[in-house]
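Please read the structure below before turning to the comments.
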Amino acid sequence: MSDLEEYRRRAREWLAANAPGHRAEATPDEDGVARAKAFMARMHDAGYSGITWPREYGGQGLTQAEDRAFAAEARDFTLPIYVFSIGLGMCGPTVLDMGTEEQKARWIRPLLRGEEIWCQLFSEPGAGSDVAGLQTRAERDGGEWVVHGQKVWTSVAQHADRGLLLTRTDPGVPKHKGLTMLVVDMRAPGVTVRPLRDMTGRAHFNEIFFDGVRIPDADRVGEVNGGWQVAVTTLLHERLSIAGGVGMSGQSENPVSFEALRSRADLGDPIVRDQLVELYIRSRALSLFNTRLSQETKAGIFPGARGSAAKLLLAELTLFQADLAASLAGPGSVAYREDGETGDGGDSAGDGGDAGRIAHALSLAPAMALGGGTNEIMRNIIGDRVLGLPPEPRVDKNVPFSELKVNSQGGGTRR
Amino acid sequence: MKLVLTSEQNDLRQAVRSFLSATLPPGRVREVMEAGDGYDRAAYDRMNGELGLSGLVVPEEYGGAGAGHAELAVVLEELGAALLPGPFLATTLATLVLLESGDAGAAKDHLPGIAEGRVRASFAPSSADGSWWGAPSVTAAEAGGGHVLDGVAPYVLNGADADLLVVPARLGGRTRLFVTTGGERAPLTTLDLTRRQARVEFAAAPARLVEGDGLARALDLASVAVAAEQLGVLRASLAAITEYAGIRVAFGRYIGSYQGVKHRLADMHCALEQAESVVRHAAWAAGEAPGELPAAAALAQAYTGRACFQVAKDHLLLYGGIGFTWEHDAHLYYKRAKSLEVLLGPPRAHRARLADLVL
Ligand SMILES: Cc1cc2nc3c(=O)[nH]c(=O)nc-3n(C[C@H](O)[C@H](O)[C@H](O)COP(=O)(O)OP(=O)(O)OC[C@H]3O[C@@H](n4cnc5c(N)ncnc54)[C@H](O)[C@@H]3O)c2cc1C
């Protein structure tokens, strides 16, 4: 047995002993968060958290090969690590790329051990796609920054200990040049977190108010007014981690996956067969593309903006899958008994059974096409940075931010 | 699974690319496609001589290079991108069928000539719906210690001047393979001018029975080979229109700066990424994971065939009026893409095969 096979065998053993019994909760309660944190600590002790991250900061210092081996085994299990996905997929990698030695030593280990949950505080009521148009202000006061403003759509913020916070520090220069990245302690005075109920009926994201929040300059990542470069790093990691499925273990449980639909569908119907084959083609083509991207990364070819293609394809597949699942299931996909009883001995997990899960998948599907950059923004990125097409003419690039047309923090436009 | 090219495969790709840009300068495809045999025999001989492409997948014992399917895919992708006219694909597909039959005698008699580039070959299917997987309508009968073929193979790639035909035919209730130099060849008018086809009529045509039976795997390999060409056509169409979008101006702006154009190109790029992944996987499976090949090959056809035609179509449209002209190359890609999509049979057959394998 090769070392890698041995690694994989031991990973499987560990997973089999530790993973069962957990659910992939995107909106856990306090107990759920405590269980998730305890699980992460065990996973870190066992050496499976931060597999490719540097040893000196608490990672394992291993290669993509081990990382992929673990991920492949983990696919058969459901790990309760969703609340860490922003930290592991975006904030942590950003700190590794752009943070100081002292910051890495301070923040990375607690993140990998699940002691601290991170969130990403970029979007605002007035600025999402055009996040560089944001208005949350940070003003210098001695060795500290004082922050006023509002963020919105912030995933997992209700559980977060720290947030990667993009602020405006100089409105007198063009918008990309006056931003600074800070790391905020979510329990600091002046931080208010309000969960927002989304279209699934649950609260995946929040709105956050900053009212004179003080942040030490030691918690600034990157240069003063150099926050855009840091943000670009975060967004790159975001696309790759979404496409790669960080924190999205347990695909076997996905109620609208090809496997799940196949097991329920009438395979004798030629139209059903063709619809399922279409789903197979799209799922398999995307999964092979993701594998190719990770093999390229391993071979030293950095995918860069091509990660946006993977993210766009996943967003479209997610919508297609949920849509197809409902069409295959018929009326029972949109009306069901909450206890999941179907009257014919179907399962009753208390979440509405298969039908309830399809309905939930339909409600959740748009999230992938909006969060992390909309499909239109992904197409712009592919066009501009992968294909090298001429950019759109822009009216906002060389004008001081203070003179730009922007949205009010309430959403509509002001001048 | 190996989805990234090795440095040797990249070198091979580069060698084929430089050869093609030297021997097929812009305009050359058009010159040769309408004249004589429809291809440049001298360039074809050089390609086989200097690059050894005719013997690429022929085992060394028969005078070839014994390269793998991943290498073949790299080569076909480049030839597809250049819209190379001529019998290379036809000969390659016939070679794969002969090779997979496992008939050492037939291999010894025919493959060396193919490897040298002397012999042009083609596969001659004859099922009712044109699918290479369908039961052939051509029949074989014993005659004078050998066999004779009767019937019609309606669409044979480069069939008019193929020196050797590999023909599936019914014999005693089973499909068997035969090779023949015979058959009455009648050239067809083809949509894709860069690639000819012929109708071949057999009337007691003497033929040699090929022992063994590897047709199922051979057709999977053919699916992968055709998908590799489709990938090349897709890539070249996208590259051409991307370049044009960066130089053509309308309403005071480059057309590529309009989202109506840019977003379409972005979607075409997504198709390219997935098509390349699917083709590399199928080519890898062909060599390294025979058990995965049938589904990988059916997927390669089902995905790449569609993606290639859609990209070729959109690329033509985005040129505007010039794209509809005879002089512009856009229609050559469009027509090649459609011809490739239906080459192995109606595309629904690939989806049906895939359904049978994965459902
Ligand atoms: C489930 C979910 C989780 C999220 N989590 C987070 C998080 O943790 N942290 C965070 O900071 N943000 C988060 N977001 C916010 C997300 O990043 C933004 O919603 C997204 O970037 C879109 O911004 P917007 O909502 O302001 O829409 P807008 O930018 O106002 O977009 C409105 C429409 O205009 C289109 N549009 C905008 N600009 C262009 C353009 N240049 N070209 C073409 N079309 C354009 C968009 O595609 C969209 O269709 C999350 C969102 C969702 C749905």
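Here the structure is a predicted model, which means the values were calculated and not measured. All chains are named by letter (A, B, ...) in the order of the sequence lines, taking the proteins before the strands, and each is independently numbered beginning at 1.
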In plain terms, say whether [X] and [Y] are close enough for a salt bridge, that is, a side-chain N and a carboxylate O under 4.0 Å apart.
X	Y	answer
B:Arg280	B:Glu77	yes
B:Arg351	A:Glu278	yes
A:Asp354	A:Arg357	yes
A:Lys405	A:Asp396	no
A:Lys311	A:Glu238	no

Who wins among [options] for the most heavy-atom pairs under 4.5 Å with chain B?
options	result
A:Arg282, A:Arg379, A:Arg284	A:Arg379
A:Asn380, A:Leu293, A:Leu286	A:Asn380
A:Arg262, A:Arg273, A:Arg306	A:Arg273
A:Leu267, A:Ile382, A:Leu288	A:Leu288
A:Ala285, A:Pro270, A:Ser287	A:Ala285

Side chain, backbone, both or neither of [X] within contact of chain B (heavy atoms, under 4.5 Å):
X	result
A:Arg292	both
A:Leu387	both
A:Ile301	side chain
A:Asn375	neither
A:Ile281	both
A:Leu312	side chain

Any donor-acceptor N or O pair under 3.5 Å, side chains A:Thr318, A:Gln321: no
A:Gln64 and A:Gln295: side-chain donor and acceptor closer than 3.5 Å? no
Count the heavy-atom pairs under 4.5 Å between each of [options] and chain A, then report the option with the highest count.
options	value
B:Val278, B:Leu265, B:Leu238	B:Leu265
B:Ile255, B:Asp267, B:Thr242	B:Asp267
B:Gln274, B:Lys2, B:Glu243	B:Gln274
B:Met1, B:His263, B:Arg348	B:His263

Under a 4.5 Å heavy-atom cut-off, does chain A meet the side chain of [X], its backbone, both or neither?
X	value
B:Leu299	side chain
B:His269	side chain
B:Gln259	side chain

Measure the acute angle between the ring planes of B:Phe309 and B:Tyr334, then classify it against the limits of 30° and 60° as parallel, tilted or perpendicular. tilted
Looking at residues at least two apart in the chain, or sitting in another chain, which of them share a side-chain hydrogen bond (donor to acceptor under 3.5 Å, both in side chains) with B:Arg253? B:Ser257
Given the side-chain rings of B:Tyr319 and B:His328, with only the six-membered ring counted for Trp, is the space between their centroids under 6.0 Å? yes
Can you see whether A:Phe70 has A:Arg8 sitting over its ring - NZ or CZ less than 6.0 Å from the centre and within 45° of the normal? no
